[in-house]
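Below is one structure; the comments refer to it alone.
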Amino acid sequence: MNLKHILQELSQTDNTDFDKSEQRRDLLKSVTRKLALTAIPFAVGASTEKAAAKTTNTSLDTLNFLLAFQHMVAAYYKAAVTAGINNSLFPSTDAQRAFETIRDYEAAHAAFLTQTINAASPNAAVLPNANGYDYTLDGALLTFNDYKTMLAVAQVLEDTAIRVFKGQLDSFVRNNIVTDLLNIQSVKARCAAHIRQMRTTIAGGSAKVKPWVTLNQSGVANTVFAAGYAGEEATMQYGINITGIGGQAVSATAASEAFDEPLTQQQSMDILNMFLYQSQSRS
Amino acid sequence: MNKNEIFSEQPSEEILPKGHSRRSFLGLAGGLLAVGSLFNASCDNKDNNPNPEGVLLTQDDIGILNYAYALKQLEAAFYQKIFDTGVYNTATSEEIALLTDIRDHEVAHRELLKAILGSKAIDALSFNFAGINFKDKKAVLDTAKLLEDIGVSGINGVAVHVVNTDYLKLLGKIASVEARHAAYIRDLLIDGTFASGDAQVGMNGLEMSKNPSVVLAAASTFITTQIINRLP
């Protein structure tokens with residue numbers, strides 16, 4: 001089944017999807033609560049500690065939020081490599097190797113954040129979602145049975161993760177964590193660019209997804225994934241119009257591509273929750 | 001990074017990558033690094049008219065933005081030179097289109113930084129690309145790879161010193177696009193080397209960020225204007 005068919009099918013089941021998105025919203029609330037609860041133990045601890053510790057705990061909450069997202073991304077590539085091998089999806093050893101490379105980087109990012117958080121506060125790091133992750137949008141996508149779909153979801157996760165990490169930079173001004181977050185996001189950006197090229201290659205060039213994000217186009221005609229690209233079409237930076245800036249021939253398209261935009265924590269959580277299983281019965 | 005210091009407010013010195021000790025020493029000695037001045041002799045670029053007084057990168061946010069502005073001037077000039085010379089013969093239409101995109105992105109970055117800096121912007125730099133055979137794909141892409149990699153690792157390495165939140169966010173927005181460029185260029189050279197090949201990614205899957213002294217030393221091959229580095 002090719003991507004086009006999947007997307008047509010999705011467009012024909014809009015109402016159903018809407019219902020599901022309502023469910024997802026409820027799910028989001030429950031997960032947000034869950035994360036809030038997870039954060040409480042060390043938040044409570046902070047009140048009994050020195051006042052100076054509060055900043056640290058805010059930072060830990062932020063890092064844990066990033067780690068929760070990172071667990072989801074890392075689990076995707078782990079599952080993708082396994083499914084790619086078991087279901088003979090990879091068209092070449094290069095393709096398999098690329099997925100394995102990215103899997104290893106994503107696992108390393110999760111491990112690094114875990115280590116960083118636990119070094120600051122033992123056992124404070126959040127664990128992967130106990131009920132697992134759903135990358136099929138409730139079975140609507142053949143993510144692990146169709147290579148093009150597997151690549152498309154990989155691209156969405158990678159592009160989105162860059163924006164999620166970018167969105168937390170200002171929580172760590174003049175803190176070494178800034179360097180770590182940037183070093184994580186740029187490796188993800190390298191991976192995203194490669195996944196995008198893989199999509200173009202496998203589609204015989206017809207996918208036309210550039211290594212960078214053009215306007216708010218995902219190259220995936222699935223409205224559910226649009227949230228990962230909302231705002232990417234920005235052509236204003238620092239209150240300055242980039243289109244034609246300085247009398248140069250910079251198009252609106254290039255203006256949007258030249259900057260990756262951050263996502264807020266709420267936007268990030270909304271996206272994360274599209275991929276979380278609510279209960280064990282779903283896995 | 002020392003795990004016990006991760007939440008400290010004082011950024012510590014980056015650990016310098018091996019193989020750069022001499023350059024790093026030069027950069028650290030007195031905080032002065034006159035880049036490019038040694039390379040003028042081989043220069044045949046008619047645009048070469050180095051300001052004898054050079055440009056100064058101060059230790060504050062303005063200096064950091066000017067540092068980014070200097071790197072962007074270099075990158076934009078390099079990609080423009082590709083098109084002025086005529087793209088290497090084996091380039092596919094997709095390569096030409098995407099290299100055009102990259103040039104436009106670099107011009108956008110350069111012009112934005114210039115606009116933000118206003119009267120505090122350093123002067124336009126002079127460049128020497130005489131050592132590059134622009135008709136040779138590998139020569140062009142090797143240079144592009146170097147410039148994109150230092151573009152990413154340079155921003156990543158200096159952003160911790162930025163005080164102004166808006167500037168920090170802006171550098172973050174630029175850095176990931178630079179990384180996308182770097183990956184594309186690397187894949188053009190050898191497919192699959194988007195995040196590997198020569199240790200651009202280090203432990204923990206992290207990009208190996210670099211100090212300004214290391215980055216400027218690498219850039220000095222192409223910049224003929226003297227740059228006085230007082231960056232943090």
Side-chain angles (χ1 to χ4, degrees), chain A residues 55-56 59 94 97-98 101-102 104-109 111-112 115-116 119-120 162 166 169-170 173-194 197 200 205 210-212 237-238 240 242 245-246 248-251 254-255 257-262, chain B residues 1 3-12 14 94 98 101 104-105 107-112 114-116 152-153 155-157 159-163 165-166 168-170 172-184 186-187 191-192 194-196 200-201 203-209:
Chain A
T55 312
T56 297
S59 303
D94 282 353
R97 199 173 300 125
T101 298
I102 300 174
D104 292 347
Y105 285 147
E106 298 302 347
H109 294 166
F112 175 75
Q115 193 182 21
T116 302
I162 294 163
K166 195 190 308 291
L169 284 174
D170 58 354
V173 177
R174 286 186 60 74
N175 185 307
N176 284 326
I177 294 289
V178 160
T179 313
D180 298 327
L181 297 187
L182 286 170
N183 284 338
I184 288 173
Q185 81 147 0
S186 62
V187 171
K188 291 185 188 302
R190 287 170 182 272
C191 296
H194 188 74
Q197 285 299 97
T200 297
K210 298 175 180 180
W212 24 94
Q237 298 294 340
Y238 203 76
I240 296 167
I242 304 300
I245 186 170
Q248 304 288 320
V250 177
S251 67
E257 292 168 349
F259 301 88
D260 284 334
E261 301 297 322
Chain B
M1 191 174 72
K3 285 287 171 295
N4 297 323
E5 293 173 5
I6 50 169
F7 295 112
S8 72
E9 294 298 312
Q10 272 305 95
S12 61
E14 292 272 316
E94 182 181 89
L98 294 181
D101 277 0
D104 291 352
H105 301 163
V107 167
H109 294 162
R110 181 192 68 197
E111 293 299 316
L112 176 62
K114 185 182 179 186
I116 292 172
V152 182
S153 55
I155 290 176
N156 286 7
V160 67
H161 302 291
V162 173
V163 176
T165 307
D166 289 332
L168 176 61
K169 286 180 186 171
L170 188 63
K173 292 180 181 195
I174 291 173
S176 57
V177 175
E178 289 293 290
R180 290 176 186 273
H181 293 169
Y184 173 64
R186 282 170 164 268
D187 278 344
D191 192 29
F194 54 101
S196 62
Q200 195 62 28
V201 181
M203 277 176 55
N204 302 312
L206 305 184
E207 182 103 24
M208 294 174 69
S209 49

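Chain letters run A, B, ... following the sequence lines, proteins first and then strands; every chain starts at 1.
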Do B:Asn156 and A:Thr179 have side-chain N/O donor and acceptor atoms under 3.5 Å apart?
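Distance-only check fails for B:Asn156 and A:Thr179.
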
Please check if any side-chain donor atom of A:Asn183 sits under 3.5 Å from a side-chain acceptor atom of B:Ser209, or the reverse.
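Note: A:Asn183 and B:Ser209 side chains meet the donor-acceptor criterion.
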
For B:Val163, is it the side chain, the backbone, both, or neither that has a heavy atom closer than 4.5 Å to a heavy atom of chain A?
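B:Val163 touches chain A through backbone and side-chain heavy atoms alike.
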
Part of B:Asp104 within contact of chain A (heavy atom distance under 4.5 Å)
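Its backbone and side chain both get close to chain A.
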
Test side-chain contact (heavy atoms from CB on, under 4.5 Å) applied to B:Ile116 and A:Ile240, step by step:
CA-CA 9 Å; B:Ile116 292 172; A:Ile240 296 167; 4.0 Å; yes

Would you find a donor on one side and an acceptor on the other, under 3.5 Å apart, between the side chain of [X] and the backbone of [Y]?
X: B:His161; Y: A:Arg174; value: no
X: B:Glu111; Y: A:Ile242; value: no
X: A:Lys166; Y: B:Gly172; value: yes
X: A:Tyr105; Y: B:Asn204; value: no

Heavy-atom pairs under 4.5 Å with chain B are the metric here; pick the option from [options] that has the most.
options: A:Ala193, A:Gly246, A:Ala254, A:Pro211; result: A:Pro211
options: A:Ala255, A:Ser186, A:Ala108; result: A:Ser186
options: A:Thr101, A:Asp104, A:Ile245; result: A:Ile245

Count the heavy-atom pairs under 4.5 Å between each of B:Ala115, B:Ala179, B:Ser153 and chain A, then report the option with the highest count.
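Top count of heavy-atom pairs under 4.5 Å with chain A: B:Ala179.
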
Under 6.0 Å between ring centres: does that hold for A:His194 and B:Tyr184?
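No, too far apart.
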
B:Asp101: side chain to side chain contact (heavy atoms under 4.5 Å, CB included) partners, not counting sequence neighbours
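Only A:Lys210, A:Trp212, A:Glu257, B:Leu98, B:His105 meet the side chain to side chain contact (heavy atoms under 4.5 Å, CB included) criterion with B:Asp101.
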
side-chain hydrogen bond (donor to acceptor under 3.5 Å, both in side chains) against A:Gln197, all qualifying residues, sequence neighbours excluded:
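Here no residue qualifies.
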
Kindly compute the distance separating OG (B:Ser176) from CD (A:Glu261), expressed to the nearest 0.5 Å.
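B:Ser176 atom OG to A:Glu261 atom CD measures 9.0 Å (nearest 0.5 Å).
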
Once rounded to the nearest 0.5 Å, what's the spacing between atom OH of A:Tyr238 and atom CG of B:Leu112?
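The OH atom of A:Tyr238 sits 9.5 Å away from the CG atom of B:Leu112.
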
If you apply the rule side-chain contact (heavy atoms from CB on, under 4.5 Å), what do you find for B:Glu207 with A:Gln185, and how did you get there?
CA-CA 9 Å; B:Glu207 182 103 24; A:Gln185 81 147 0; over 6 Å; no

Note, B:Arg180 side chain near A:Asp260 side chain (heavy atom, < 4.5 Å)
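SC-SC contact between B:Arg180 and A:Asp260 confirmed.
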
Flag the pair A:Leu169 / B:Lys169 as yes when at least one side-chain heavy-atom distance between them is below 4.5 Å, and no otherwise.
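With C-beta onward as the side chain, the pair stays apart.
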
Between B:Val162 and A:Val173, is the side-chain contact (heavy atoms from CB on, under 4.5 Å) condition met? List the steps.
CA-CA 7 Å; B:Val162 173; A:Val173 177; over 6 Å; no

